[in-house]
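Structure first, commentary second.
What's counted below: heavy atoms across the whole structure, side chains too, no hydrogens, waters or symmetry copies. Just so you know, ligand 1 is whichever comes first in the structure, and atom 1 is the first atom listed for that ligand.
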Amino acid sequence: MRLPKAGTIEIVPSILSADFAKLADEIAEIESAGVNVVHLDIMDGHFVPNITIGLPVVAKLRKYSNLVFDCHLMISEPEKYAERFVEAGANHITFHIEATDKPEKLIDMLHKLGCTAGICLNPETPVETIEAVAPLCDMVLVMTVEPGFGAQEFMPEAAKKIVRVREIVGPEIRVEVDGGIDAETAPTVVSYGADTLVAGNAIFAKTDRIAAINAIREACK
Ligand code: DX5
Ligand code: ZN
């Protein structure tokens with residue numbers, strides 16, 4: 001399982017708004033909608049003011065899904081845990097530029113472990129902070145809400161940073177966007193240059209998840 005090569009629009013459901021008591025079933029449902037990647041939000045109650053899932057849950061889910069696991073680490077000291085997330089079944093790991101002062105080292109470590117690497121920017125973090133490391137990554141993640149919670153309002157100003165990120169990374173590196181993405185906001189971020197759209201609430205808060213995924217897909221065409 002590997003992050004799809006750049007050149008396609010990927011709708012990436014975030015399980016943050018799913019029913020955590022039946023995660024395997026929730027993931028199977030979105031797998032049947034033809035998505036390739038699922039976004040797993042890992043929060044430590046320190047880097048962000050919320051706690052979600054960790055290593056044992058990722059490892060158990062791995063047995064039930066063939067989707068690419070896009071693990072979004074909203075944790076302090078990501079370098080301490082990255083290897084264990086790869087062992088647990090992460091195929092792609094994104095960490096925050098605000099959480100480490102040695103991003104190059106971590107990107108290199110992930111690549112040596114056979115995992116693709118992503119760097120993430122909070123809404124108020126300037127693009128310049130990732131300018132040097134973004135070209136070393138496989139994907140750059142632009143947050144369009146403050147990390148920590150699902151179902152928040154899309155931040156249009158933060159989304160504008162996608163344009164500059166795309167200029168820096170060129171066409172071969174994915175640009176992912178996370179926060180407040182639905183059929184209304186998706187076309188804007190795609191027009192800015194995003195190709196990987198995380199959506200939590202817009203999918204899992206709906207009874208028909210497949211229709212919700214298709215609505216976002218259609219809106220991007
Ligand atoms: C927020 C998470 C997101 C979240 C997005 O910190 O990183 O992945 O699930 O949720 P929505 O799509 O509901 O804004
Ligand atoms: Zn996320």
Side-chain angles (χ1 to χ4, degrees), residues 3 9-20 23 26-27 30 33 35 37-54 57-58 61 67-76 78 81-82 85 90-99 116-125 137-159 161-162 165 174-190 194-207 209 212-217 219-220:
L3 194 67
I9 299 283
E10 300 289 329
I11 310 298
V12 178
S14 157
I15 58 155
L16 191 57
S17 293
D19 183 342
F20 273 47
L23 271 185
E26 297 278 76
I27 293 176
I30 51 130
V35 302
V37 185
V38 61
H39 185 87
L40 307 179
D41 288 300
I42 315 296
M43 304 186 190
D44 65 353
H46 184 257
F47 180 71
V48 287
N50 198 7
I51 301 175
T52 52
I53 59 165
V57 179
V58 175
L61 288 174
L67 292 177
V68 173
F69 280 4
D70 164 23
C71 289
H72 178 190
L73 301 188
M74 283 161 276
I75 64 174
S76 303
Y81 299 94
F85 275 101
N91 306 106
H92 176 86
I93 289 185
T94 288
F95 60 95
H96 276 254
I97 188 70
E98 304 87 1
T116 53
I119 192 84
C120 182
L121 281 169
N122 277 343
E124 75 283 2
T125 303
C137 294
D138 306 275
M139 185 151 83
V140 175
L141 174 55
V142 176
M143 291 303 301
T144 42
V145 297
E146 288 300 335
F149 300 91
Q152 300 182 75
E153 205 174 323
F154 178 74
M155 298 168 78
E157 284 307 311
K161 291 191 293 183
I162 294 167
V165 170
R174 285 193 168 274
V175 179
E176 186 176 39
V177 59
D178 186 3
I181 298 300
D182 57 21
E184 275 71 56
T185 54
T188 305
V189 297
V190 169
D195 55 11
T196 311
L197 311 187
V198 176
N201 196 58
I203 295 171
F204 283 106
K206 302 276 162 61
T207 13
R209 281 74 182 273
I213 291 166
N214 286 334
I216 303 172
R217 262 197 204 119
C220 296

Subject >> Check against side chain to side chain donor-acceptor pair (under 3.5 Å), S14 and H39 >> reply: CA-CA 5 Å; S14 157; H39 185 87; 5.0 Å; no
**OP:** Could you tell me the separation between the CE atom of M74 and the OG1 atom of T52, rounded to the nearest 0.5 Å?
**Re:** 6.0 Å
Original post:
Does OH belonging to Y81 count more than 12 external heavy atoms closer than 6.0 Å?
Top reply: no
Original post:
Is the side chain of T185 donor-acceptor paired with the backbone N or O of G180 at a distance under 3.5 Å, no angle test?
Top reply: yes
**OP:** Could you tell me whether a side-chain N or O of E176 sits under 3.5 Å from a main-chain N or O of M139, the two making a donor and an acceptor?
**Re:** no
**OP:** Could you grab the distance from atom CD of E124 to atom CD of E146, nearest 0.5 Å is fine?
**Re:** 4.5 Å
**OP:** May I ask you to decide if T144's main-chain N or O and K161's side chain share a donor-acceptor pair within less than 3.5 Å?
**Re:** no
Original post:
Mind checking whether H72 has an N or O less than 3.5 Å away from an N or O of ligand 1?
Top reply: yes
Subject >> Under 2.8 Å from the Zn ion (ligand 2), the protein N, O or S atoms, given as residue and atom >> reply: H39 NE2, D41 OD1, H72 ND1, D178 OD2
Subject >> Any donor-acceptor N/O pair, N50 side chain to G148 backbone, under 3.5 Å >> reply: yes
Subject >> Gap separating the OG1 atom of T196 from the CG atom of D70, nearest 0.5 angstrom >> reply: 8.5 Å
**OP:** May I ask you to check if ligand 1 and D41 share an N or O to N or O distance below 3.5 Å?
**Re:** yes
**OP:** Would you mind checking which non-hydrogen protein atom is closest to atom 10 (O) of ligand 1, with the distance to 0.1 Å?
**Re:** G150 CA, 3.7 Å
Original post:
In terms of residue, atom name and distance, what is the protein heavy atom nearest to atom 1 (C) of ligand 1?
Top reply: F149 O, 3.5 Å
Subject >> Which of the ligand 1 atoms, numbered from 1, are nearer than 4.0 Å to a heavy atom of H39 >> reply: 8 (O)
**OP:** Flag G180 as yes when one of its N or O atoms lies below 3.5 Å from any N or O atom of ligand 1, and as no otherwise.
**Re:** yes
**OP:** For side chain to side chain donor-acceptor pair (under 3.5 Å), just list the numbers for H72 and D178, CA-CA rounded to whole Å, side-chain angles, deciding distance to a tenth of an Å, and then say yes or no.
**Re:** CA-CA 10 Å; H72 178 190; D178 186 3; 3.2 Å; yes
Original post:
Between S14 and ligand 1, which part of the residue brings a heavy atom under 4.0 Å of the ligand: side chain, backbone, both or neither?
Top reply: side chain
Original post:
For atom 12 (O) of ligand 1, which protein heavy atom lies nearest, and how many Å away is it?
Top reply: G200 N, 2.8 Å
**OP:** Could you list which atoms of ligand 1 come closer than 4.0 Å to a heavy atom of A151?
**Re:** 11 (P), 13 (O), 14 (O)
Original post:
Hey, does A202 sit under 4.0 Å from ligand 1 if you only count heavy atoms?
Top reply: no
Original post:
Who's closest to atom 7 (O) of ligand 1 heavy-atom-wise, of D182, V145, D178?
Top reply: D178
**OP:** Using distance alone, determine whether P147 and ligand 1 share an N or O pair under 3.5 Å.
**Re:** no
Subject >> Gap between atom CD1 of I53 and atom SG of C71 - 0.5 Å precision >> reply: 7.0 Å
Original post:
Between E10 (side chain) and V37 (backbone), is there a donor-acceptor pair under 3.5 Å?
Top reply: no
Original post:
What atoms of ligand 1 come closer than 4.0 angstrom to any heavy atom of N201?
Top reply: 11 (P), 12 (O), 13 (O)
**OP:** Can you sort out which atoms of ligand 1 are near M74, meaning under 4.0 Å from one of its heavy atoms?
**Re:** 6 (O), 7 (O)
Original post:
Taking only heavy atoms of M43, which atoms of ligand 1 are found under 4.0 Å from at least one of them?
Top reply: 6 (O)
**OP:** Provide the number and element of each atom of ligand 1 under 4.0 Å from a heavy atom of A199.
**Re:** 12 (O)
Subject >> Any donor-acceptor pair under 3.5 Å from D44 side chain to F47 backbone >> reply: yes
Original post:
Which atoms of ligand 1 sit under 4.0 Å from any heavy atom of G179?
Top reply: 14 (O)
Subject >> Inter-residue atom distance L40.CG - T94.OG1, 0.5 Å rounding >> reply: 11.0 Å
Original post:
Are any of the N or O atoms of G148 closer than 3.5 Å to those of ligand 1?
Top reply: yes
Original post:
Between CG of L141 and CZ of F95, what distance do you get to the nearest 0.5 Å?
Top reply: 11.5 Å
